[in-house]
Amino acid sequence: MIPYDIYHGTSNDFAIVDANAHHVPDRSAFAVSLCDDLGIDGVLFLAINDATRPPRAVMTLVQPDGGTAAMCGNGARCAARWVAARTDADEVMLDTQAGTRRTVVDGDDVAVEMGAPAFDPAAVPVTGDEPLIREDVAGYTVTAVNTGVPHAVAFVDDVDAIDIDADAPPIRHHDRFPEGANATFAEETEAGFRQRTFERGVEGETESCGTGAVAVAVVAAREGRVPENTTVRVSPPGGTLTIELDGDTAVLRGPTTVVGDGEAEPTPVRRMDS
């Protein structure tokens, strides 16, 4: 059996597996089965190297559809807290498919340096030679940015009025996004922004999306809704995150929660339709 721990960051929940101690022969099948059984947003496989200070860990996120995501903001925050607890550290370096990310752990509060957001069409990616900035995509005015994974951000008057199951998939699968995109809707408020994200790989709305919160903040700065160097509060349904913008960098900060643990078969039995 493969033991796992359950953590969540503003209700974005993950199972965490110690990749050094436990070999999972088919990570995709394992994640699909576990996400289906537990109703979680992904499985984080973490391989710690504690020979250096700060400790490092290779982070691989497998999503409910069996694919991997290059980066996940809330997943990185949960991963950092898990590693910190096992290495007696308050700083952790995470090696992700989007690059190495420095994290700082202060109790249940975890901050992760998200790197420089990219609007370049090849980096998002989007089709064409120019960045996709405030263009019509499937009926919404959208700006495309990569904050570790691609996001299509649309500012709306009321996020609650969005029929996300109907309106997000045409954006998520639009021809302008050759690798697909997360569809993120944001509403400006006196306190900051409210956010809803239809997540690629989950193929549905998630309670929170860290890369999406960063996307909202950096697009808001680009559009002049907030200063370029500031701290922005973004509130998905699962809680509130803060994004510190400083030049070309963004830091995502928010709470993490230890939920529990369990164990699962390393090779799940594939379900057959009746």
Side-chain angles (χ1 to χ4, degrees), residues 7-14 16 41-42 44 46 54-57 59 61 69-85 87 89-96 98-118 145-149 151 153 182 184 186-197 199 206-222 225-259:
Y7 280 57
H8 81 74
T10 52
S11 296
N12 209 186
D13 40 14
F14 307 92
I16 301 178
D41 296 314
L44 292 164
L46 299 177
R56 305 182 72 92
M59 179 183 109
L61 170 62
M71 179 56 182
C72 175
N74 288 325
R77 294 191 308 102
C78 291
R81 184 174 175 191
W82 186 90
V83 173
T87 58
D90 56 12
E91 183 179 335
V92 174
M93 304 300 290
L94 293 176
D95 296 320
T96 78
T100 300
R101 300 291 184 257
R102 176 178 175 266
T103 68
V104 177
V105 180
D106 182 10
D108 66 357
D109 183 82
V110 182
V112 55
E113 295 178 353
M114 298 291 288
V145 62
N146 190 311
T147 53
V149 289
H151 280 270
V153 178
N182 299 278
T184 293
E187 170 192 345
E188 190 168 357
T189 69
E190 291 184 0
F193 297 90
R194 297 177 65 210
Q195 169 204 352
R196 294 177 68 189
T197 294
E199 195 167 334
T206 53
E207 287 295 297
S208 182
C209 177
T211 57
V214 175
V216 170
V218 299
V219 173
R222 183 176 182 119
R225 298 173 184 268
V226 298
E228 291 186 358
N229 298 309
T230 190
T231 297
V232 182
R233 290 168 58 90
V234 179
S235 299
T240 295
L241 298 161
T242 59
I243 297 89
E244 300 162 14
L245 301 178
D246 184 8
D248 291 333
T249 65
V251 175
L252 171 69
R253 183 185 301 275
T256 57
T257 301
V258 181
V259 178

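Computed from a predicted model, the values in this text were never measured in an experiment. Reckoned from all heavy atoms, side chains included, excluding hydrogens, waters and symmetry mates.
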Item to check | Derivation and outcome, salt bridge (Lys or Arg N to Asp or Glu O under 4.0 Å), residues Arg102 and Glu113 | outcome: CA-CA 6 Å; Arg102 176 178 175 266; Glu113 295 178 353; 2.9 Å; yes
Checklist entry - Taking it one step at a time, do Asn74 and Ser208 satisfy side chain to side chain donor-acceptor pair (under 3.5 Å)? => result CA-CA 8 Å; Asn74 288 325; Ser208 182; 2.9 Å; yes
Would a distance-only check, ignoring hydrogens and angles, find a side-chain to backbone donor-acceptor pair under 3.5 Å from [X] to [Y]?
| X | Y | value |
| --- | --- | --- |
| Thr230 | Pro227 | no |
| Thr96 | Ala98 | yes |
| Thr256 | Asp108 | yes |
| Asp41 | Phe14 | no |
| His151 | Gly212 | yes |
| Thr103 | Val92 | yes |
| Arg196 | Pro236 | no |
| Gln195 | Cys209 | yes |
| Thr257 | Val259 | no |

Close side-chain approach of [X] to [Y], heavy-atom, < 4.5 Å:
| X | Y | value |
| --- | --- | --- |
| Asp90 | Val104 | no |
| Thr10 | His8 | no |
| Leu245 | Val232 | yes |
| Leu241 | Leu252 | yes |
| Val83 | Leu46 | yes |
| Thr211 | Met71 | yes |
| Met93 | Arg101 | no |

Checklist entry - Which of these, Thr100, Ile16, Leu94, sits in a side-chain contact (heavy atoms from CB on, under 4.5 Å) with Met59? => result Leu94
Item to check | Option passing side-chain contact (heavy atoms from CB on, under 4.5 Å) with Ile243 (candidates Val251, Val234, Thr231, Thr147) | outcome: Val234
For [X] against [Y], the heavy-atom pair lying closest together:
| X | Y | answer |
| --- | --- | --- |
| Val112 | Ala76 | CG2-CB, 4.2 Å |
| Val110 | Ala80 | CG1-CB, 3.9 Å |
| Ala70 | Val149 | N-CG1, 4.1 Å |
| Val218 | Pro117 | CG1-CG, 3.8 Å |
| Gly9 | Cys78 | N-SG, 3.5 Å |

Checklist entry - Going by the salt bridge (Lys or Arg N to Asp or Glu O under 4.0 Å) test, which pairs reach into residues 226-244, not counting sequence neighbours? => result Glu244-Arg253
Item to check | Full working for side chain to side chain donor-acceptor pair (under 3.5 Å) between Thr240 and Ser235 | outcome: CA-CA 4 Å; Thr240 295; Ser235 299; 2.9 Å; yes
Item to check | Gap between atom OH of Tyr7 and atom CZ of Arg77 - 0.5 Å precision | outcome: 13.0 Å
Checklist entry - Counting heavy atoms not belonging to Asp109, are there more than 12 under 6.0 Å from its CG? => result yes
